[in-house]
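First comes the structure, then the notes that go with it.
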Amino acid sequence: MKKILIRHESFLAFAIILFSIIITLINPSFFTLENFFDLLKSFSLTGTFAIGMLFVLISGGIDLSFTAIATVSGYTIAVLLLNMGDRLNIFLIFLIAGVIGVSLGILNGAIIDLFKIPSMITTIATSNIFYGLLTVITKGKWLYGFPTWFGDFAQIRVITVRTAEGWPYGLSIITLIWIVLLLAAWFILKFTVLGRSIYAMGSSPVSAQRAGFNLRRLHLFVYGFMGLMAGFGSVIQALLVQTVAPNSLVGKEMDVIAAVVLGGASLTGGTGTVLGALLGVTLLGILGNGMTLMHVPSLWYKVIIGVVILVSVSFTAYRRKQSIRKRVITE
Amino acid sequence: MTRKFSQIHVLLIVMVVVILTMWILTGSDFLNPGNFQSMAYQMPELGILTLAMMIPMLTAGINLSIIATANLSGIVMALILTSETSLQASGWQSILIVAGAILVGFIIAALIGAINGYFIAYLELPPILASLGMMVMLNGISIVITQGYVISGFPDAMLEIGSADILGIPVPFLLLLICAGIVSLVLNWTPTGTRIYMIGSNPIACFYSGVNNKNVLLRTYMLSGILSGVAAVVMTSRFNSAKADYGESYLLLTVLASVLGGVSASGGFGKVSGVLISLIILQMVSSGLNLMGISNFLTLALWGFILLLVMIIKFLIEKYQQKRH
């Protein structure tokens, strides 16, 4: 099984390299350090959500409410920034957004665990509740005009390079935050008992329970973690666009799920890696960026993305069938 | 033998509670025949789409591309209806052209359903992913065809479908009832229907009892596609226009309505009657709040809340029944 996964990731990497070569041949400005940094920055929002979604998918569930959670936490920090922005700092913002995200996520986890309602149903319901109530309370108003320190923070570069004309560019702090989150997720999944037990629960909840894992605690952790990523994602979104709109995220759940599943996570649970999710996000991200650079009319974007999803999902299914056939023959 | 207390009973109680609450809160406005008629005009869009979602869910699948299918087939209908010849036609000719346009729309919707079914049954893709890919692609095709614009201005015969009534019953509502009748007939009285439930309960057992699972799945998704096509007729004629992204917010609501109506997310269980009651409850909440002048978004929140409530009650009842045995 592990071999198949490794091969899946190398296929993805291969597809990404192939796309990159094609795009570079048509428009050389794709293969520049500047575009590379821009790409990484543009992945950070989907990428952060993808980390949380990966955990949920590995555990055998699904969460369709993370965009609603992110909207609630994003709106809360926006209101706080507008009213008492001078007394806050970026750590407090992340802390507040994280706490809101975790609480709403744990609420999901508790309902799923206590009442044994399928995760998809629970999160569709809670998504409507969170998003509906938020929009009623806020009347759908857009929030902008945050304190200058909040805008300045988004401009910080960890590594700075200059173009030939002297324009500075480089690795954004937002990208760095995302990379730290990725590494943390990778560490949890790979090296901690907690991470391994999420895989165990996703492969077979019954066996995991008999082996002594506390499923309740795992449910609460997984959905809480998804909430945390949703909270952090909302701060990243606010940093990136310096605006918070109640309707900017809801409805984009499927983009994130598609990216993570392209990365090899299965909807039946038990499989998936951080590297795979990263590659899935990269593939879909490069596709968008590449089409812009190749001057593909924007009307065609969705057709192409849809075809890529269908082809890659068919390809994965085909290879899985082949491997099962091979195993049957050799045995 | 005592009948088990099922989700339908819970739903009926919820429905009565909703009617009483709305009646108390809005005074006599809610029980006014005019209000019932306007509810009957609003319900069919979500209703027919919910039926399209329900059938794949019975086989433990899902069809995320129903809205995209409806929009694409609606756009094709609209293209035919807005062509020169159809706008100049009159009388019977016009009616024939409208019928022809609807037929073409149905064929396209059925074809898309068949492609979905092929991906899911023969290439064995997970339904959620196959239909997600289809959704994005179809949406893209619609955008390319319409260039992102709205297509509008149909012959009167088309508009009649969305606005006319027969004996006081709105035509869209009749269409919903006909669809519900056909789906119920297929599910309860045909071999395909029985097999749909069997695949949802246990695909392997179903396969070994001699059922051609692939063929049944193909039909399931075709039926889902055709129902999306019917929804397209109602949507285009009610809006008097077609566009690539109409009704996108309905997608997860159709899952909500199906599950509230007793359709199991893991397949094998669910009845058309339950789904109809669930649709009536959702519509009454929506219309009631609307009468009180409260934001639609509170409706969304209440819908989510009712779904959770019903699922929790069902869980508690099942637990109680298990204890007694």
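Order of the sequence lines sets the chain letters (A, B, ...), proteins ahead of strands, with each chain counted from 1. All values reported here derive from a predicted model rather than from experimental measurement.
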| Checking A:Ile309 against chain B: side chain, backbone, both or neither under 4.5 Å from a heavy atom? | side chain
| Taking the side chain as C-beta and beyond, is there a heavy-atom pair between A:Lys252 and A:Val256 under 4.5 Å? | no
| query | Of the backbone (N, CA, C, O) and the side chain (C-beta and beyond), which part of B:Ile62 lies under 4.5 Å from a heavy atom of chain A, both, or neither? | reply | side chain
| field | B:Tyr197-B:Phe269 aromatic ring centre distance below 6.0 Å | value | no
| said: For B:Leu64, which atoms come within 4.5 Å of any heavy atom of chain A: side chain, backbone, both, or neither? | reply: side chain
| note | Ranked by heavy-atom pairs below 4.5 Å to chain A, first place among B:Glu248, B:Met135, B:Lys314, B:Met311 goes to B:Met311
| query | Quick one: what part of A:Leu133 sits under 4.5 Å from any heavy atom of chain B, side chain, backbone, both or neither? | reply | both
| query | Considering only heavy atoms, which portion of B:Ile294 lies under 4.5 Å from any heavy atom of chain A: side chain, backbone, both, or neither? | reply | neither
| request: Say whether, by atom type as modelled, one donor and one acceptor occur between the side chain of B:Ser286 and the main chain of B:Leu282 under 3.5 angstrom. | output: no
| request: Answer with side chain, backbone, both or neither: which region of A:Met120 has an atom nearer than 4.5 Å to a non-hydrogen atom of chain B? | output: side chain
| task | Among the options B:Leu316, B:Ile312, B:Thr299, pick out the one with the most heavy-atom pairs lying under 4.5 Å from chain A. | result | B:Ile312
| message | Looking at every non-hydrogen atom in both residues, tell me the closest pair between B:Leu49 and B:Ile66 and how far apart they are. | response | O-CD1, 3.5 Å
| So which heavy atom on A:Ile16 is nearest to which on A:Leu279, and how close? | CD1-O, 3.5 Å
| Top contributor to chain B contacts, counting heavy-atom pairs under 4.5 Å, from A:Ala258, A:Ser312, A:Gly306 | A:Gly306
| task | Measure distances from B:Leu253 to the heavy atoms of chain A and classify the residue's part below 4.5 Å as side chain, backbone, both or neither. | result | side chain
| task | Please look at B:Leu132 and chain A and tell me whether the side chain, the backbone, both or neither of the residue comes under 4.5 angstrom of a heavy atom of that chain. | result | side chain
| query | Top residue by heavy-atom pair count (under 4.5 Å) with chain B, among A:Ser266, A:Pro118, A:Ser314? | reply | A:Ser314
| field | Any side-chain heavy-atom pair of A:Thr126 and A:Ser65 under 4.5 Å | value | yes
| field | Nearest atoms (heavy-atom pairs only) where B:Leu252 meets A:Ile124 | value | O-CG2, 3.9 Å
| Tell me, side chain or backbone of B:Ile141 under 4.5 Å from chain A's heavy atoms, or both, or neither? | both
| query | Is there a donor in the side chain of A:Thr46 and an acceptor in the side chain of A:Asp255, or the other way round, less than 3.5 Å apart? | reply | no
| request: Indicate the atoms forming the closest heavy-atom contact of A:Thr271 with A:Gly264, along with that distance. | output: OG1-O, 3.8 Å
| Looking at A:Leu310, A:Val313, A:Val136, which one has more heavy-atom pairs under 4.5 Å with chain B than the rest? | A:Leu310
| field | Atom group of A:Ile257 that falls short of 4.5 Å from chain B, counting heavy atoms | value | neither
| field | Non-hydrogen atoms of B:Tyr246 and B:Ile67 that approach each other most closely | value | O-CG2, 3.4 Å
| message | Please give me the minimum heavy-atom distance between A:Met226 and A:Phe49, naming the atom from each residue. | response | CE-O, 3.7 Å
| query | For chain A, which of B:Leu125, B:Val259, B:Asn139, B:Ile143 has the most heavy-atom pairs under 4.5 Å? | reply | B:Leu125
| task | Examine whether an atom of A:Ile117 lies under 4.5 Å from a heavy atom of chain B, and if so say whether it belongs to the side chain, the backbone or both; otherwise answer neither. | result | side chain
| message | Side chains of A:Asn108 and A:Thr123 only: does a donor on one sit below 3.5 Å from an acceptor on the other? | response | no
| remark: Of A:Ile304, A:Leu262, A:Thr135, the largest count of non-hydrogen pairs under 4.5 angstrom with chain B goes to A:Thr135
| message | Under 4.5 Å from any heavy atom of chain B, what part of A:Ile111 do you find: side chain, backbone, both or neither? | response | side chain
| field | Part of A:Leu64 within contact of chain B (heavy atom distance under 4.5 Å) | value | side chain
